[in-house]
Amino acid sequence: MIMSKKIQTGAVAVVMLLLCMGIMPWVVADGHCAPKKFASKECIDCHTKFEDKYFSMKYLHTNVKEKKCEDCHIRHGRVPKLLLKKEGNQICLDCHSKDKIGLSKPYVHTPVKAGKCGQCHNAHGSQFKGLMLHDGNSACYECHKKELFEKKVVHQVLLKEGCKACHSAHSSNEKHLLTKSEPALCLECHDKGGGAFKKGHANYPVEGKRCSTCHNPHTSTQPKLLRTSVHSPVASMECSMCHEAPTSQQPFTVTRKGAALCLDCHEMKTLKGAGTVEHAPFKEGDCLGCHNPHASESVKLLTKDGNKLCFECHKEKEMLVAFKHAPMSAGKGCLSCHKPHVAMYKGLVDKKGSDFCSECHVKTMDALKSKTVHDPFKGGECLACHNPHGSNFTAMAKDRGDKLCYSCHSDSEAKFLKTVTHKPVLNGDCTSCHHGHGSAEKKLLTAPAPQLCAKCHSDMMKQESGGSNHEPFKSGQCLTCHDSHGSTIAGMLNKPQSQVCGGCHEPFKGFKESVSKHVPFTEGSCTKCHNPHKSKLKTLLPAQGNDLCFTCHKAIKEKLAKEKPHNPAQQDCLNCHKPHFAANKKLLPTPVTNVCEQCHESTKAPFEKAHLSIQASVMTCMNCHDPHASKDPKFFKNSVHAPFAARSCEECHIVAK
C-alpha cells in the first residue's frame, strides 16, 4: 500500500515536470488531449532552388512575388509533375482578360492563339520586362528567321526600337499585327509634306497608299528599302511612264489598260519568240495575274516565289507525292520545264517527249541502243508511263506497275492472274523482272532466265554437289517447266505435271499393258517421289529408300517396327517392288513365287519338307505368309487355321505323292 502511493506520487511529479518544460503541449486544462494538426509551410520552404533561381530576378510574376503559388498550381500537384489548375492560356486569362490581351481582335499572334504564352514569357520571373524569355528582337527571332531582317539596308526603327515599334505582341486590328494601318503607321516617322518625301516619290501623292507595295518594311538589298525585284520605272522614279502625271486629278490612273501598257516597253515579238502555244493569262493580257507592277521580293516581279505562283491556278500539281520530279522542288521549279509566256508545244514546253526529257536523263536514253526497246520509249512517249510532276509510284509512274502495263497489254491481266500467281505479278511489280526502257534480253527481261530467277530464289537455285540435279534446273531452263507469270497448277507449272515430265521423259514401255501401277505415277504426281530441282540422293529422290515409301505407307512402317520384319522389306522396298508400274500385281517385277525364290530355294529339302513337297509354282506364298512382317517366326499371317498352325495339312488336303 505504501509502495503504491509512492509510485503514484512519482508519476504526478514527472507529469508536472514535463508540463513545465513544454514537452506536453497537447494536454489541455480539462485533462483531455488536443487534436493533432499540420503546421502550414510556404512552398519555398522546400523549393529552395526555385527561390534561388527566381527571387533575385529583376521582374517577378506578381503571384510569385507574393508567394501565392496556389493561384496557379494545385497544392499537392500530381506525380510526377506539378499540376496547373487550368490548361494553356486559360490559367493566364484568370488575371489577364481576353479584352486586355486582345483575343477578340481579328489578328492574333499565333502563340497566343495556340494557347502557348510560355513560348514568349516565363511564368515565374525574368530579367526582362514583361517576363520575356528573351530581350527585344531576340524573342521574335526565336520563330522568325533573323537573317531575313539583317540584309544590307535595315529600317532604322527596327535597329533602334525593335519590332515593337510597329507590331503589337499579342493582337491587332491590322494585318501583320501592325499597331496602325498603312500608311498612317509609316507617316508617324516619315513627313509626308517634306521635300525629301515628295522628291523620293516623284511628287506623286503616295501618302494615301500602302508603302509596302514598293518597300520592304524591315530590310532589303536595295536602296531606300525597295523590294528585291523593282520595276525599272519605279527604280528610276519615272512613274509617269505608266501613270498619269502627278498633278492630274487622278494621278494613279494608268495611261493604258492591261497588256497594252506593258507592250509599250516589252516587245510582243520578243516575248513570243517562235512559240505558238500561249499561257492563258498571257493570252488574255493579264500580266498582273503573275507580276507585281511596282516591286516584289520574288524575281522578275512575280507576285509569289517560284512554284507557289503556279500552284495558285494549278492546285492539283501541289499535292504531296512520294516520288517527286527533282525540278519541281529545286532550282527554277516549274520553269525548269515550262515556259512562262509562250512555247512551241502543248504544256508550254519547247521540245517534244523524249527530246525534252533527254536533256537531264542522258543515261536513261542509252537504253535506246539496247537489243530490245520498249515501244513507248522508242517512240519518245515518256508521258505514256510517267507523270512529269511526281507520283506516289516508283519512278514517277502514272499508276501501279501492273495497271500501267495492262493499259497497253490488255490481254495479259486475264493471262497472268491465275490460281497460282508469281509474287511480283501479284504485287504489281512488273519491273522486278522487266526493264521499262530497254534490255539486252528478249521481252525486256532484266537478266537471262536463270540469273533473273536467282535474284529471288538464290538459295534454292544452288546446285547440289554429289547428288543429282534435274537437267532443266541444272542448265537454267526454268521456263521449261514453269510459267513466269501465273498458272492454274501448283508450282506455277505451265502444264499439268504429267505433261511437264512427259515432255522429256517419254512414256515407259509396257505402261499401258501393265497390271499394277503406282498411284502417284498414274496421277502424274511425280513430285511425290522426286524433287523437281535437286537432291542429295540419286534420281532426285527426296528421301533414302524405305523412308520415301513410308511417307505414304505408314501402316507398313508401323508393322515393321512392332513385329518381326522380313529382311528384304526392312532393307529396301525395291528388292521386291517396281517404283512406277509392273506386269504383276502389287508392283512385283515377276510372279510372286519367282520374287520369293530369289532368296528361298524351293528345290531344297527343307523347303520341300515345310511345304509337303508341293511345287512352288503351284503355290501363292502370300496366301499364308505376310511379305513385310509378322509376329510368327515363319511370317505366317496373324489369323491362321488351327490344323495349318499345327502343320497338319493332311487333315484337309490330299497330297499327291
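Just so you know, these numbers come straight off a predicted model, no measurement behind them. Residue numbers run from 1 in the order of the sequence given. No hydrogens, no waters, no symmetry mates; every other heavy atom, side chains included, goes into these values.
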With a 4.0 Å cut-off on N to O distance, would you call [X] and [Y] a salt bridge?
{"X": "Lys272", "Y": "Glu278", "result": "yes"}
{"X": "Glu608", "Y": "Lys604", "result": "no"}
{"X": "Asp626", "Y": "Lys559", "result": "yes"}
{"X": "Lys634", "Y": "Asp632", "result": "no"}
{"X": "Lys304", "Y": "Glu312", "result": "yes"}

* Asked: Distance from Cys478 atom SG to His533 atom NE2, nearest 0.5 Å?
  ->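 So the gap between those two atoms works out to 7.0 Å.
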* Please name the pair of heavy atoms, one in Leu548 and one in Leu541, separated by the smallest distance, quoted to 0.1 Å. =>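 Taking every non-hydrogen atom into account, CD2-CD2, 3.6 Å.
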* Is the closest side-chain heavy-atom distance between Lys578 and Leu588 below 4.5 Å? ->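 No - every pair of side-chain heavy atoms lies 4.5 Å or more apart.
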* Asked: Is any side-chain heavy atom of Val321 closer than 4.5 Å to a side-chain heavy atom of Met319?
  ->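 When only atoms from C-beta onward are counted, Met319 and Val321 do touch, with a gap below 4.5 Å.
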* Asked: Do Phe356 and Tyr345 make the cut of ring centroids closer than 6.0 angstrom?
  ->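 No: the rings miss the under 6.0 Å criterion.
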* salt bridge (Lys or Arg N to Asp or Glu O under 4.0 Å) evaluation trace for Lys351 with Glu359 -> CA-CA 10 Å; Lys351 290 186 179 181; Glu359 290 183 356; 2.7 Å; yes
* Asked: With sequence neighbours left out, which residue pairs that include part of residues 300-329 fulfil the ring-ring contact (aromatic ring centres under 6.0 Å, His included) condition?
  ->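 Matches after skipping sequence neighbours: none remain.
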* To do: State, without any angle test, whether Asp429 and Thr431 hold a side-chain donor-acceptor pair at a distance under 3.5 Å.
  =>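 Present: a donor and an acceptor within the cut-off.
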* **Residues that His625 engages under side chain to side chain contact (heavy atoms under 4.5 Å, CB included), provided they are two or more places apart** =>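 Testing His625 for side chain to side chain contact (heavy atoms under 4.5 Å, CB included), a comparison that skips the adjacent residues, returns His611, Phe635, Phe636.
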